[in-house]
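Below: one structure, written as structure tokens.
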2 protein chains.
Amino acid sequence: MVQQIPKQPVPTSPAPPAVPTSADVARLAGVSRATVSYVLNNTSAVRISEPTRRRVRAAAEELGYVPHAAARSLRAGHSRMVLMPAPPVPVGPLYSRFFSELQWALGRLDYTVVQYGGVGLKGDEEARAWAELRPVAVLVPGTGLGPRGVAVLKRAGARAVVTLGPERVEGAHALLMDQRGVGRRAGEHLLARGRRRIGVVLPEEAGLDLFSRPRLQGVRDALHGRADAEVTELPLAYREESATALAARWRSLGLDAVFAYNDEYAMLLMRALQDEGVGIPDETSVVGADDLVLGRLLRPRLSTVHIELPSGQELAELVERVVREPGTAPETHEVLGARLVPRESS
Amino acid sequence: MVQQIPKQPVPTSPAPPAVPTSADVARLAGVSRATVSYVLNNTSAVRISEPTRRRVRAAAEELGYVPHAAARSLRAGHSRMVLMPAPPVPVGPLYSRFFSELQWALGRLDYTVVQYGGVGLKGDEEARAWAELRPVAVLVPGTGLGPRGVAVLKRAGARAVVTLGPERVEGAHALLMDQRGVGRRAGEHLLARGRRRIGVVLPEEAGLDLFSRPRLQGVRDALHGRADAEVTELPLAYREESATALAARWRSLGLDAVFAYNDEYAMLLMRALQDEGVGIPDETSVVGADDLVLGRLLRPRLSTVHIELPSGQELAELVERVVREPGTAPETHEVLGARLVPRESS
DNA sequence: TTGAAAGCGATACCAT
DNA sequence: ATGGTATCGCTTTCAA
């Protein structure tokens, strides 16, 4: 889609001042296009006289010449572009930091990261759109890429396809981020604390299901086989009123603990519960996730599940390795570390 | 940089299975490349028989053919790519939401947003790297793009260059986001509350100066001419210990108010102050910024400066307009609305 | 040391 | 209704 041609060519208003090409530079410098290329790329296999170099550089400077990346990669037959589709929903600070780090690390390896904002095409369509760009590697967060998509990308020359999500995809390398582990830690912890009737907050905001569902499942897993334990789903919007409403009917729910998806929802709910007079942790234990700095500020301090994402460095190295040796069998790495940080709210 | 050629060509390990081209499709379907192009693009100016269409589509399907965006745009002479350099530091939720919205809105207009992760090249170098991609529009957050950079981009065919930052840049359209306004609102408010010795929190985290400095200046502006008022700069890292340390020497600072850069720093500091026994707002008023949901949860509730970013929709429309009519004189829009939301902490 | 020319992949004009 | 072919901008043999 990127380089897509508009149905109606943009109305050429006054006079589109032509973009200078290497031919223009050659003309102005009085040399051939080949020479321009040699000089501007410092081609070592060819020796060009200093005066000529000067003339070429001067001409390029004067015209404001900038090479045309598409033409260049077309000729070269490959690029150093690492494509990373933008996640569909604005994600949290954890992911942002990871992404910045990754960008930096790949930059060091002379790759360029392009975050591509495809408006939700469906499944294979999306992969095709990415494939049009002929990236050398594709890093796909979340679900939505199937084996078919992977095949499309590989046929289009992608040497590395890496998914970052809950499950492996045939043919692709996987950085497995099992969100269930997050819920499981919370569930185990609450169980150990003697809690049996556990609420699990599910954000009503669209797009978060991708994370919240597995976390819920993790709690269920932790409680598996305990006939005396029970999980209750609690939809909650990220607004004060929503939390207040939930808190108002809290006692009727008969819960003795709640795992709140993440620290933000946990803080929201915990405050509402306190305003309602619900004792924490005596009456109800509260556990969040993500270990945000702000969670430490509540009283009682918020217990949380600390999440360890892979370092951007690691992922960058994986990409580099796979690009250099595309034969590599798809690797699967468990990269989401989840660890409970007990504080005072549970 | 994107399509840049590696110095050492990647070792062609076993046998890079060639990527299918439209010529391959043509061969398999027993037609010419022209016909393939007509069919696959549904060219209306040309009538192709249904049987032929089928054969072509089938061949394309079988080969897993995906068009090559670079070749296409090379031929076309333009693209629908809107380039947006990634901001150097992970920015907050406000910006993330704005960006998602923008992406969506531009997608609706059939543009594709590419967030480009250039590792900090300096000034004009950066603009050159962007120009290599020949984007139809460039949206530049922050500072770092000068008039020279704008010229480079325009010479490279960018029909719209829009800066999102504190000041205009010669030749570019500007969405002026004057962070000083944020500080000014806070300063005025605290002044009106009778406060005179005002602390301003400056995050120690790198890269935030871009926002924090102007906000500080805004507070200064608000106090301008008031000989009895005074501003004190308070460096603070986003860690509990840092806040605790600052709180420990709070009384020695002799301040009666603090504007804390944003709500997160405000919450951090406020909690530390409360733990230190500092009365809020009696002894010290606290004002944050960004109007985060969580700020409402503190007791006392956090006063804040609500920030109104432009809608992605608006910016998308500006881009569209300017692309269609590149002659347009650079427009400047004040887009950062700042409004004080008094709650209980001030 | 430099230049002429082929070719990367796709499109659109001009013939047929 | 199709096919041949020039062309976009750049790199890179091969010749001179």
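So that the names make sense, note that chain A is the first sequence line, chain B the second, and so on, each numbered from 1. Atoms considered below: every heavy atom in the structure, side chains included; atoms not considered: hydrogens, waters and symmetry mates.
Rounded to a whole Å, the NE2 atom of A/His78 is 16 Å from the C1' atom of C/dG7. Here the P atom of nucleotide C/dG9 and the CZ atom of A/Arg134 are 9 Å apart, to the nearest Å. Between A/Arg55 atom CZ and C/dT2 atom P there is a gap of 8 Å when expressed in whole angstrom units. Remark: P of C/dG9 and NE2 of A/His68 are 16 Å apart, rounded to the nearest angstrom. Whole-Å rounding puts the B/Asn42 CG to D/dA1 C1' distance at 16 Å. If you measure from atom CD of B/Glu50 to atom P of D/dT2, you get 10 Å, rounded to the nearest angstrom. Taking atom CG of A/Leu40 as the reference point, atom C1' of D/dG9 lies 13 Å away to the nearest angstrom. The interatomic distance linking A/Arg53 (CZ) with C/dT1 (C1') rounds to 11 Å, in whole Å.
Heavy atoms only, all atoms of each residue included: A/Asp124 and A/Gly149 are closest at OD1-N, 3.9 Å. Contact record, A/Leu315 with A/Leu139: CD2-CD1, 4.1 Å, taken as the closest heavy-atom pair. Minimum interatomic distance between A/Pro326 and A/Arg159 (heavy atoms only, all atoms of both residues): CG-NH2, 2.9 Å. Between A/Val82 and A/Val319 the shortest heavy-atom distance is CG2-CG1, 4.5 Å. The shortest non-hydrogen separation linking B/Val66 to A/Glu132 is CG1-CG, 3.5 Å.
The shortest distance between the side-chain N/O atoms of B/Thr21 and the OP1/OP2 oxygens of C/dG9 is not below 4.0 Å. Note on B/Asn41: every side-chain N or O is 4.0 Å or more away from OP1 and OP2 of C/dA10. The phosphate of D/dA1 (OP1 or OP2) has no side-chain N or O of B/Thr52 nearer than 4.0 angstrom. Distances shorter than 4.0 Å separate none of the side-chain N or O atoms of A/Arg33 from OP1 or OP2 on D/dG9. OP1 or OP2 of D/dT2 sits under 4.0 Å from a side-chain N or O of B/Ser49. Within the structure, every side-chain polar atom (N or O) of A/Ser32 is placed at least 4.0 Å from both OP1 and OP2 of C/dT2. Of the side-chain N and O atoms in A/Ser73, none sit less than 4.0 angstrom from OP1 or OP2 of C/dC8.
Applying the side chain to side chain contact (heavy atoms under 4.5 Å, CB included) test to A/Ala58 and every residue at least two apart in sequence or in another chain returns nothing.
Helix-axis bend for the helix from C/dT1-D/dA16 to C/dT16-D/dA1: the local axis fitted to the five terminal pairs at one end deviates from that at the other end by 50°, rounded to 10°.
Taking the side chain of B/Pro67 as heavy atoms from C-beta on, and the options C/dA10, C/dG3, D/dG3, the nearest nucleotide is C/dA10. Side-chain atoms of B/Arg75 lie closest to D/dT7 of the nucleotides C/dT2, D/dG9, D/dT7. Nearest to the side chain of A/Leu74, among D/dG9, C/dA10, C/dA12, sits D/dG9.
Across all strands shown, B/Val31 has heavy atoms under 4.0 Å from sugar-phosphate atoms exclusively, and none from any base.
Comparing B/Thr35 and A/Ser37 along DNA chain D, the residue whose closest nucleotide (by nearest heavy atom) sits nearer the 5' end is B/Thr35. Comparing B/Ile48 and B/Ala71, the nucleotide of DNA chain D nearest to each residue sits closer to the 5' end for B/Ile48.
Donor-acceptor pairing under 3.5 Å, judged by distance alone, is absent between the side chain of B/Arg47 and the base of D/dA1. Under 3.5 Å, the side chain of B/Tyr38 and the base of C/dC13 form at least one donor-acceptor pair of N or O atoms.
Using modelled atom types, one finds no donor on one side chain facing an acceptor on the other under 3.5 Å when comparing A/Tyr116 with B/Gln115.
A salt bridge between A/Arg324 and A/Glu320 is present, with a side-chain N of the basic residue lying under 4.0 Å from a carboxylate O of the acidic one.
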